[in-house]
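Step one of this worksheet: look at the structure below.
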Amino acid sequence: MKQYDHTKIEKKWQKAWADAEQYKTPDQVKGKDNFYLLVEFPYPSGNLHVGHWYAFAVPDMLARLHRMNGKNVMYPIGFDAFGLPAENAAIKNKLNPRTWTEQNIAHMKNQIASMGTSFDLSRMVSTIDPAYYKWTQWQFLQFFKKGLAYQKDTPVNWCPNDKTVLANEQVVTRSTSSGQVATCERCGHEVVQKQMLQWNIKITDYADRLVDDLDPLDWPNEIKESQRNWIGRSEGAEIDFPLEIGDNKKYKYVILHGFQSSPDRPRWLWLKSELEKSGHEVVMPSLPNPDDPSEQEWVETAINATTYDENTVLVGHSLGAVTALKVVERLKKPIFRLVTVGGFANREFKDKKRPFEETWKWEFDGEKIRSKTKAITVLHDPKDHAISDAQAKKLADLLGVAVTTGTSTKSHFAGDKEPDVLMWLRPTIRVFTTRPDTLFGATYLVLAPEHPWVALALQHKTVLKNNDEVQKYVDKANKKTDLERQESKEKTGVKLEGIEAINPASGEKIPLFVADYVLSHYGTGAIMAVPAHDERDFEFAQKFDLPIPQVVAPVIHVTKGGDAVREGEPMKKRDAVMAIVKHWEKDEYLCIEWKEFDEIRTFISGGIEEGEDVVEAGKREIAEESGYKNAKFIRSVGQVQFVEFYHQAKKGNVRAKMHYLYFELENGEQEPLSAEEDAKHSIVWKKRDEVRSFLTINEIGLIWDQLEHGNRPYVGAGELINSGEFDGLSIEGAKKKMTAAFGREKKTYRLRDWIVSRQRYWGVPIPIVHCDNCGPVAVPDDQLPVRLPDVEDYLPSGEGKSPLAKVDSFVHTTCPKCGGEAKRETDTLDTFVDSSWYFLRYTDPHNSEQFAENSKQKNWMPIDLYSGGAEHTTMHVLYSRFWHKALFDLGLVADAEPYTRRMNRSIILGPDGQKMSKSRGNVIDPDAVVAQLGADTVRMYLAFIGPYNEVGSYPWNPDGVVGVRRFLERLWKAQQYVQKEEVASLQNVLHKTIKKVGEDATQMKFNTAIAQLMVFLNALEKEKKIGESQWKTLLMLVAPFAPHIAEELWSELGDQTSVHAQSWPEFDPKLMVDDEKEVAIQIDGKTRGTIVLPTAVSKDEIEKQARLKIEVRLKGVKVARVIVVPGRLINFVTTR
RNA sequence: GCCGGAGUGGCGGAAUGGUAUACGCGAUCGACUCAAAAUCGAUUGAGGCAACUCGUGAGGGUUCGAGUCCCUCCUCCGGCACCA
């Protein structure tokens, strides 16, 4: 017999399989179902490491198994070859990223071949291939044309080390000794916040569907939950709080309409009536010749329409806004406020040219305008079809303010009603809350330091009586990042003196604060504070000494003991007081033990009489029940609660609205008790730590905690109180009614839009041309791909511009729309864009007309199983789900979800149980292990190390690898035992093995499947013989796990076909039946012995034999029951 | 703090509510060898001479019977976190 020479065997078969194109997968095979098994394609970092083996070679077992089970399996691979890891390494190695990457790909292709995986290499894709990224660009442009890709000037995360912006998902919050820091997901460097104009993708539009569509997916719960947490949907309501400024001053609103408009449009009539409802005056001149306007006529008409003074709010819409700028320039005295709605100060319209472009003078004196207005608001909708973000920013810069973002019901604020316009004209604060039920308890509002109303109020300088103080606070907050603000949980804030809001439910005037515990980017950047029912608001209210009125009361329904509610009997309502009374000297509390009833021990308590004050009632009850005269009220404890119980003395159910009060006796002065009272109960003094266990009151836990540690806000379930007509409603009921009466339903998300532009060379160029006249314009399809130019200097500049910006020949181009001079976008796309659709390309990898033909996609999509790393749960997996949905909405793919099943892979640690890293010196080089022990050993060891269908982390155990190698050696040597005749004694274990290996491997429990193969080999070695057909069956079972050795041993038998082309063997249940079974004999469930019995024996016989066997033990014991589970156990249950 | 997942020999791990620790590693002893490695054979949860007792993070519960189901708690891992 030859030696087991793994190197020779493995090379031989790898070549044979490649030559025969054995794993080239047809699109369809008659009579076979398609199965699409996907693994995340690797970065071509240069070398395959153990993690790659674990990611590719282990799922390969499933691919091979399914193939033998008659499925047409596609198991593709490619390279995610753009991006920072490759680029940084290229820079380090002083090579061009493309050269470096292509060399790596070539090397890694060879390494992949050495794994013995059944990848279909004819479908290989690479994201750096222009034939691939042409379609990345094309898809991006489809999104751009649909408004899903847009540019936005916002604070972004900038990694100073990688010199590029990062998406929110690519920022990792880490805890350090100095608090939490935001770090770069790739390099670990701390990120900084920068204000920059970046390309965003509107993933937030899909937030709901990304959450809801998770429900039916057959995915592990932890992956779904992580995504839900990341998206962070909150359901609640938006509620508007009108403001009163100063002495409720009334203003004169002068409204200038736009091009082709007039004052009798519904939106202007609506706006006018809304403003007049609030008592303001509205002047709305009709500007002449709206279809062919002239600057002079419009400005003159506007100026002559009325007088302008410090009470005037000048509002201009669209071209009216331009007119308004000109009007203000010419004023002598300053006006109160200038508001532009959909305004602009240059001619760069997003959609088309307009006839007034030439007749207007596009020159403005920003300084003069600023000096003639006390405050300015530039209202802009990012979805405006005509006005770009850049245009709005230009206008805002001219006027020295920030753009205020609003949402129009119809693009360019052209709807019949535009609530956002009204909101920014008539002072209103909009809040988002998940607890609209607590609206009556909203006793103040808190605005984020960045809230536009704060900025607006500060512009005026006179609106806020404490303007300087507020300005100081806002400036201080602006210097801090989100994380820095969170460093101290201590609440800070400043009251906005001179402004009040009106609680729309209670009608009460409530104060406003600015505080940095409210985040500007979440919800509306403003909250209604309900201190009684929110931890943070409670803390703030305590610090600022604000009232904390309770609006939700817990309901306690007594179900145990003598005072349990008697269901079905009427419930009498009453107000009641419970007095906690402390001894005048000792730390003891006054308790009452009722004499006529069992086990009722309470504090002093009783009903509140009509018109009686709660504290008075408490004092009265103390006097009546205990005789003590001098109780001093200290404070109320916890919340008012509804307690439902059976009142034994009054013989009826009572629903008490219970107030808890804390008193301290000033001295022991005491009136003698009446005989009547004395007969009912006795007084007991209990020490502090005894009270809790002594009393029988249900709510004592809640109350006592708050007595000892101070009151806490109540956030649990209950019933509304102090809420007018809403009293008595449950929280859920009140949420609905309150929202309907005072607000609108609203969902808010933690998810933010996906920033996709990167300031690096090695990526897909964003296929956009910037034109001074036309704005950002899509590169036409016939000019795609926009190729990444080969450049000399590809190092990142670090100044927020990609290296492409230095390549004149790339930058300078003509506008595809107007043919004028234009500049190319120089940022590149996040590589997560490349990987958002690669699995579609595998279905039709060589198509030059489409990214993938529809019918070809449908052969394979959706993906049957996608295996990858847990770190991609809220990155690649989320992005690609979004991307697929967006393609789905464009009719470009057939499914809303790309992955039928997703599973996360475990992590292989170094032998020391630590993450493998060069610095730790614990890196296992798979190439070296393969050279020594063979690819089959490495594959099989990785599969054996732990269950593949669960997430864990497994240390690489060098001895364990040797163990698997031993198994293969023994398998090799077992050849010598092969004989013609079948070995009957192996049939049972062989068929059990067929069953278990097939079932376990299908579920990706490769570890137990391999264990069963070992069980069989152990049995075979004991027999020292095996029939040829049985041997062949064994080789088929081994084939998915150790494909080379199985193929070699198979070929030794003279078969010309591949073992991998065989059908998976079938098991015969009849052969798996054991003749005899060991039966456990138990007494009261404890095993007292075992007995071997024929499988077919009757229950009675089992009992007879078992009784015989443990006769001694059963002596003197009375057996009450006997439970027999044939083939497993017999249990004698004794009377105890 | 909220949400998810997991705690089983010396180690990786295995167990449709039915004899806990399959399989592998390690360890101990033996065979082969001058010796070692490799290989083969045997033993291996703890305590006890033994009969036996105790054992799946802790404590309760359901059940004839619980690693498995229910409740409370602890620890570890992952996601989110001043998110209204």
Side-chain angles (χ1 to χ4, degrees), chain A residues 173 180 220-234 236 431-435 438 442 446 448 482 485-491 515-519 521-530 533-537 539-540 748-751 870-871 873-874 904 913 941 944-947 950-964 966-967 969-970 973 996 1000 1005 1007-1018 1021 1077-1091 1119-1134 1136:
Chain A
T173 312
Q180 300 222 304
N221 202 26
E222 67 264 23
I223 304 181
K224 292 190 189 183
E225 275 306 314
S226 289
Q227 291 210 349
R228 287 190 193 112
N229 281 342
W230 183 261
I231 296 165
R233 175 163 73 189
S234 307
V431 305
F432 170 74
T433 177
T434 55
R435 292 294 303 274
T438 60
V446 188
D482 280 1
R485 289 185 192 181
Q486 288 170 31
E487 263 164 25
S488 160
K489 294 268 175 189
E490 180 85 6
K491 299 273 176 293
D516 67 3
Y517 82 93
V518 173
L519 309 175
H521 55 75
Y522 187 79
T524 59
I527 62 155
M528 65 179 215
V530 184
H533 304 290
D534 181 278
E535 300 271 356
R536 298 148 301 178
D537 300 341
E539 221 179 289
F540 190 87
T748 300
Y749 309 87
R750 205 197 72 91
L751 183 73
E871 70 276 17
T873 301
T874 54
N904 283 353
Y941 171 65
F944 188 59
I945 203 167
E950 292 170 20
V951 182
S953 52
Y954 310 115
W956 175 280
N957 178 358
D959 291 326
V961 191
V962 172
V964 172
R966 277 205 274 260
F967 167 77
E969 295 267 10
R970 283 160 53 206
K973 286 182 188 150
K996 186 158 178 65
D1000 287 4
K1005 296 199 272 191
N1007 54 334
T1008 52
I1010 292 168
Q1012 184 62 30
L1013 289 172
M1014 289 170 169
V1015 169
F1016 181 77
L1017 187 63
N1018 290 345
E1021 284 178 332
K1077 283 241 162 125
E1078 197 185 28
V1079 173
I1081 307 171
Q1082 299 182 331
I1083 296 174
D1084 293 329
K1086 290 190 174 172
T1087 305
R1088 294 303 180 203
T1090 59
I1091 185 170
V1119 175
R1121 253 174 91 186
V1122 180
I1123 286 155
V1124 183
V1125 184
R1128 286 203 181 269
L1129 59 80
I1130 174 165
N1131 188 10
F1132 294 97
V1133 184
T1134 64
R1136 275 169 287 184

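Sequence lines set the chain letters: A, B, ... in the order given, protein chains first and strands last, and positions in each chain run from 1. The figures here come from the full heavy-atom set of this structure, side chains too, leaving out hydrogens, waters and symmetry mates.
- Put simply, CG on D959(A) is 19 Å from P on G10(B), counting in whole angstrom units.
- U68(B) and G57(B) are spaced 16 Å apart, taking the C1' atom of each and rounding to whole Å.
- Between I1010(A) atom CD1 and F944(A) atom CZ the span is 7.0 Å, to the nearest 0.5 Å.
- Distances shown here put a side-chain N or O of N1007(A) below 4.0 Å from the OP1 or OP2 atom of A14(B).
- Regarding contacts with the backbone of U63(B), every side-chain N or O of N1131(A) stays at 4.0 angstrom or more from both OP1 and OP2.
- Comparing atom distances between the R966(A) side chain and each of G24(B), C25(B), A20(B) picks out C25(B) as nearest.
- Here A20(B) presents its P atom at 11 Å from CD of E1078(A), a figure rounded to the nearest Å.
- Atom CZ in R1128(A) sits roughly 13 Å away from atom C1' in G65(B) (whole-Å rounding).
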Heavy atoms under 4.0 Å is the rule here; annotate nucleotides 74-84 of chain B 5' to 3' with B where the base is hit, S where only the sugar-phosphate is, and - elsewhere. -----BSSBBB
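- For the pair F1132(A) CZ and C64(B) P, the interatomic distance rounds to 17 Å; values are reported in whole Å.
- Nucleic acid contact class of G963(A) (heavy atoms, under 4.0 Å, all strands): sugar-phosphate only.
- Separation of the C1' atoms belonging to A14(B) and C25(B) is 15 Å when rounded to the nearest angstrom.
- Contact record, M528(A) with D537(A): O-OD2, 3.9 Å, taken as the closest heavy-atom pair.
- Smallest separation of non-hydrogen atoms from T524(A) and F432(A): OG1-N, 3.5 Å.
- Separating the CG atom in D516(A) from the NZ atom in K491(A) is a distance of 9.0 Å, to the nearest 0.5 Å.
- When heavy atoms are screened at a 4.0 angstrom cut-off, P947(A) is found touching the sugar-phosphate backbone but no base atom.
- Proximity of a side-chain donor or acceptor of Y941(A) to a complementary backbone N or O of N957(A) within less than 3.5 Å is detected.
- Between E1021(A) and E950(A), the one whose closest nucleotide on RNA chain B sits nearer the 5' end is E950(A).
- Side chain of I945(A), nearest nucleotide from C64(B), G24(B), G12(B): G12(B).
- The side chain of F944(A) has G24(B) as its nearest neighbour among G24(B), A22(B), G18(B).
- As rounded to whole Å, 19 Å separates atom P of G24(B) from atom CH2 of W956(A).
- Checking U19(B), G13(B), C23(B) against every side-chain atom of V1015(A), the shortest atom distance belongs to C23(B).
- Taking the C1' atom of each, G65(B) and G17(B) are spaced 8 Å apart, rounded to whole Å.
- I1130(A) places its CD1 atom 15 Å from the P atom of U19(B), with the value rounded to the nearest Å.
- In this structure, CD on E222(A) lies 8.5 Å from OG1 on T873(A), to the nearest 0.5 angstrom.
- For E222(A), the listed nucleotide lying nearest its side chain is G5(B); candidates were G5(B), G24(B), A15(B).
- Distance, I1010(A) CD1 to A22(B) P: 18 Å, rounded to whole Å.
- In terms of heavy-atom proximity, S234(A) sits nearest to Y522(A) at OG-OH, 2.9 Å.
- In the set G24(B), U19(B), G4(B), the nucleotide with an atom closest to the side chain of N221(A) is G4(B).
- Glycosidic conformation of G9(B) is syn; the angle stays within 90° of 0.
- With salt bridges taken as basic N to acidic carboxylate O contacts below 4.0 Å, one links R536(A) and D534(A).
- Look at CG on N1018(A): it is 10 Å from P on A42(B), rounded to the nearest Å.
- Of the inter-residue distances, the one linking L1129(A) atom CG with T1087(A) atom OG1 reads 7.5 Å to the nearest 0.5 angstrom.
- The aromatic rings of F540(A) and Y517(A) sit tilted relative to each other, their planes meeting at an angle between 30° and 60°.
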How does each nucleotide of nucleotides 51-57 of chain B score, in 5' to 3' order, for protein heavy atoms under 4.0 Å: base (B), sugar-phosphate only (S), or none (-)? -SS----
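- Taking atom P on both C77(B) and G67(B), the two are 27 Å apart, rounded to the nearest angstrom.
- Across the interface with RNA chain B, nearest-nucleotide mapping of I1123(A) and G952(A) shows G952(A) to be the residue nearer the 5′ end.
- With both ends at atom P, the span from A22(B) to C73(B) equals 35 Å, rounded to whole Å.
- Across all strands, Q1082(A) comes closer than 4.0 Å to base atoms (heavy-atom distances).
- Rounded to whole Å, the P atom of C83(B) lies 34 Å from the corresponding atom of C69(B).
- Separation of atoms CD (Q1082(A)) and CD1 (I1130(A)) is listed at 10.0 Å; rounding is to 0.5 Å.
- A salt bridge links E225(A) with R228(A): the distance from a Lys NZ or Arg NE/NH1/NH2 to an Asp or Glu carboxylate oxygen falls below 4.0 Å.
- On the P atoms, C80(B) is 15 Å away from A84(B), given to the nearest whole Å.
- Spacing of P atoms, A51(B) relative to G45(B), comes out at 15 Å, to the nearest Å.
- With hydrogens and angles disregarded, no donor-acceptor distance shorter than 3.5 Å links the side chain of D1000(A) to the backbone of N1007(A).
- The backbone N or O of V1124(A) lies less than 3.5 Å from no partner atom in the side chain of N1131(A), so there is not a single donor-acceptor pair.
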According to the Watson-Crick and G-U wobble definition with distances under 3.5 Å, which dot-bracket string, read 5' to 3', encodes RNA chain B, using [ ] for crossing pairs and | for pairs with another strand? (((((((..(((.....[....)))((((((.......))))))(((....)))..(((((..]....))))))))))))....
